[in-house]
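First up is the structure itself, then whatever we jot down about it.
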Amino acid sequence: MSERDELELENSVLRNLLAQTTRAYEQQMDELSAEKELAQVTLASIGDGVVTTDAEGRIKYVNPVAEQLTGWHRDEAIGRPLEEVLKLASGEGEGLRMPLAHHLPLEHRVHLEPTQLVRRDGQRFAVETSSAPIRDRNGRAVGSVVVFQDVSERRLMALQLAHQASHDPLTGLLNRSAFDGVLSRALASARDHGEHHTLAYLDLDQFKVVNDTCGHVAGDELLCRVAEMLRDRVRESDVVARLGGDEFGILLTACPPEAAQPRIAELHRELSSYNFSWQEMSFAVGASVGLVPVDGRFEALADLLSAADHACYVAKEKGRNRVQLYLPEEAEFVRRHGEMRWVVRIQSTLEEGRFRLYAQPIRHLKPNGDEGLSFEVLLRMVGEDGRLHQSSDFVRAAERYGLMRRLDRWVVDNALASLTELPAEARGRISLCTLNLSALSLGDESFLDFLDEAVARSPVDPARLCFEITETAAVENLPQAQRLMKTLAGRGCRFALDDFGSGMSSYGYLKDLPVDFLKIDGTFITDMVTDRLDRAMIASIQQVAQLLGLATVAECVSSRAACDLLAEMGVDYGQGNWIAPPRPFLEVTNGRVEVG
């Protein structure tokens with residue numbers, strides 16, 4: 001090959017190489033351009049503001065969201081210092097400088113918690129901001145990228161949710177949970193620093209009347225007006241809360257009881273003089289108020305709230321619509337505290353299965369009377385120390401604190417189960433088994449369903465079951481008593497009015513109730529042998545019972561003389577310790593107790 005041919009060949013190779021290099025370069029540039037365009041489209045599309053700077057902190061790029069948030073157009077912003085365009089301020093209005101990430105170590109990011117962005121027109125809103133370094137191929141920092149996001153709506157929603165979680169939606173006052181937190185801090189300041197505060201616990205006296213007469217809309221309106229009145233009449237430093245239902249709490253901060261009493265008394269007078277009007281009806285609004293010093297005597301929040309509840313309840317017991325200062329040494333507070341302790345013992349006894357069924361025989365007083373076994377079922381509590389407690393020890397506390405429904409259900413379930421498990425011969429001897437029902441159970445709509453189902457489910461003959469209801473409970477809950485008694489009478493059950501003669505002293509309602517027995521109150525029986533008035537009361541009850549075709553049972557029979565006198569007066573049955581004391585249920589039902 002000639003020298004010329006070799007030269008042409010080399011030139012041809014060089015041209016091909018140059019063409020390939022050019023095409024590779026153009027392809028690489030196209031790819032870079034596409035990547036740049038994709039990056040710009042991406043930055044323009046995201047919902048965050050993005051600003052890039054050079055190493056000196058001067059702006060090189062601003063995306064559309066950053067333009068909108070800062071109020072600076074891209075052409076005006078480029079080349080300006082970052083802090084001139086991205087003006088940040090704290091919640092107190094102090095200016096903040098966004099640290100640039102290119103001064104920091106590799107992969108380090110700067111993040112600012114929500115701050116305020118001051119827009120070019122002066123408008124402010126909350127943003128979250130972060131900055132990261134921009135590095136070249138050699139890892140050298142050549143600038144920073146700053147990303148920021150508008151979080152105003154999110155913060156507003158968080159504040160709204162926090163407010164809803166801590167405030168009553170109806171009145172706008174603090175709710176019970178938030179108020180407990182306030183009280184805990186006040187209690188800690190009193191205990192640790194000797195500060196003096198006072199807690200007022202208010203319970204409206206007429207709310208139920210308004211609610212039942214005019215409906216829940218009227219009741220809600222009353223609560224809102226009372227809340228507004230309380231809020232308007234306390235100091236800014238005081239805290240008012242709705243604790244639930246018609247109960248309110250006021251914490252008078254830095255205010256000892258001697259200073260709080262006249263202030264609460266004045267507020268109470270204004271509340272008592274307020275008349276709530278609704279659709280041409282007017283209601284006097286009063287409140288029972290318990291006042292408690294918040295001081296070092298209370299170790300826990302529960303103790304403080306219990307004292308407030310005690311004081312409020314004592315105010316109600318003394319006639320309602322009054323202010324009662326908590327005085328732990330007074331007999332009323334001592335009694336209430338004792339009842340609270342019984343509540344805890346009742347609950348633990350139920351959980352640990354330490355209640356026991358006892359029974360007291362009932363004897364027929366007339367010659368040739370029913371010789372079957374009749375008895376009243378009684379409830380006993382076995383204490384943790386093994387001591388046996390009579391129902392009179394704990395029933396008052398159970399009634400006051402809403403535990404009687406549970407106790408009544410326990411007695412019914414266990415009595416029917418025990419009767420079912422008796423041998424056929426023992427069950428056949430039973431003529432009547434009486435079970436007590438409390439006023440609370442009588443007024444409970446669901447209790448009738450429970451009782452009806454329990455009787456229907458049990459193999460015990462309903463005619464052998466008798467339910468005792470006190471005279472007072474029957475009259476005070478007459479519609480519920482009528483419904484319950486007529487439903488169970490339809491199944492064959494019988495009913496007795498307990499403590500008859502000590503309650504309403506009226507016979508008219510007896511015609512409206514399917515009653516089988518009148519149990520003459522024991523206060524007339526105890527001294528009847530020597531007291532002519534007691535004998536006259538017994539004779540009166542016996543006469544009315546005979547006219548209505550009802551049998552009578554005398555309670556608390558304590559001597560042969562009383563027993564003989566009762567039989568002479570025509571009383572049908574006797575019950576008391578002289579006839580037979582209460583004994584464990586199985587001893588009585590298996591015939592192991594002698595009846596006098």
Side-chain angles (χ1 to χ4, degrees), residues 358-379 390-393 395-396 431-437 439 466-476 494-511 513 515-583 588 593-596:
Y358 270 55
Q360 184 172 34
I362 301 172
R363 196 188 86 177
H364 208 294
L365 299 180
K366 293 182 179 180
N368 303 318
D370 181 11
E371 295 184 357
L373 174 64
S374 296
F375 56 88
E376 177 183 353
V377 176
L378 303 172
L379 186 61
Q390 298 186 20
S391 57
S392 57
D393 293 338
V395 160
R396 179 167 179 166
S431 174
L432 197 68
C433 168
T434 69
L435 302 164
N436 290 280
L437 301 181
C466 177
F467 294 100
E468 289 190 19
I469 302 170
T470 65
E471 177 191 10
T472 303
V475 176
E476 289 182 346
R494 290 184 276 181
F495 287 89
L497 278 186
D498 197 12
D499 298 338
F500 191 82
S502 65
M504 300 300 171
S505 301
S506 172
Y507 298 109
Y509 63 86
L510 289 176
K511 295 181 291 184
L513 296 173
V515 177
D516 302 279
F517 303 91
L518 296 183
K519 299 194 73 172
I520 304 171
D521 187 77
T523 57
F524 301 122
I525 309 300
T526 303
D527 299 321
M528 65 171 292
V529 175
T530 58
D531 193 313
R532 295 173 57 190
L533 182 59
D534 284 345
R535 291 199 298 274
M537 288 294 298
I538 296 168
S540 171
I541 294 171
Q542 178 64 27
Q543 184 179 11
V544 172
Q546 285 181 333
L547 289 174
L548 294 174
L550 307 178
T552 49
V553 183
E555 299 181 296
C556 300
V557 178
S558 57
S559 67
R560 174 177 291 277
C563 191
D564 293 343
L565 190 54
L566 287 166
E568 183 182 327
M569 296 175 70
V571 174
D572 298 284
Y573 297 89
Q575 178 182 354
N577 287 343
W578 183 82
I579 292 173
R583 298 296 300 166
V588 175
V593 174
E594 184 177 347
V595 180

Q: Report the residues that fulfil side chain to side chain donor-acceptor pair (under 3.5 Å) with Asn577, sequence neighbours left out, ordered by chain and then residue number.
A: Gln360
**Q.** Leu566 vs Ile525 side-chain heavy atoms within contact, under 4.5 Å
**A.** yes
Q: Let me know which of Leu435, Ile362, Leu432, Val377 forms a side-chain contact (heavy atoms from CB on, under 4.5 Å) with Cys466.
A: Leu432
Q. With sequence neighbours excluded, what pairs up with Asp572 under the salt bridge (Lys or Arg N to Asp or Glu O under 4.0 Å) test?
A. Lys366
Q: With Thr434 as reference, evaluate Glu376, Glu468, Arg494 under the side-chain hydrogen bond (donor to acceptor under 3.5 Å, both in side chains) test and give the passing residue.
A: Glu468
Q) What residues, two or more places apart in sequence or in another chain, satisfy side chain to side chain donor-acceptor pair (under 3.5 Å) together with Gln542? A) Thr552
Q. Out of Val515, Thr470, Asp516, which one pairs with Leu497 under the side-chain contact (heavy atoms from CB on, under 4.5 Å) rule?
A. Val515
(Q) Less than 4.5 Å apart, side chain to side chain, heavy atoms only: is that true for Met537 and Ile520? (A) no
Q. Hey, what's the ring geometry for Phe517 with Tyr573, parallel, tilted or perpendicular (30° and 60° as the breaks)?
A. perpendicular
Q: Give, for atom CD1 of Ile541 and atom CD of Gln546, the distance between the pair rounded to the nearest 0.5 Å.
A: 12.5 Å
(Q) Measuring only between side-chain heavy atoms, which start at C-beta, is Arg363 closer than 4.5 Å to Cys563? (A) yes
Q.
To check you understand the geometry: which heavy-atom pair defines the closest contact between Met528 and Ala562, and what is its length?
A. SD-O, 4.2 Å
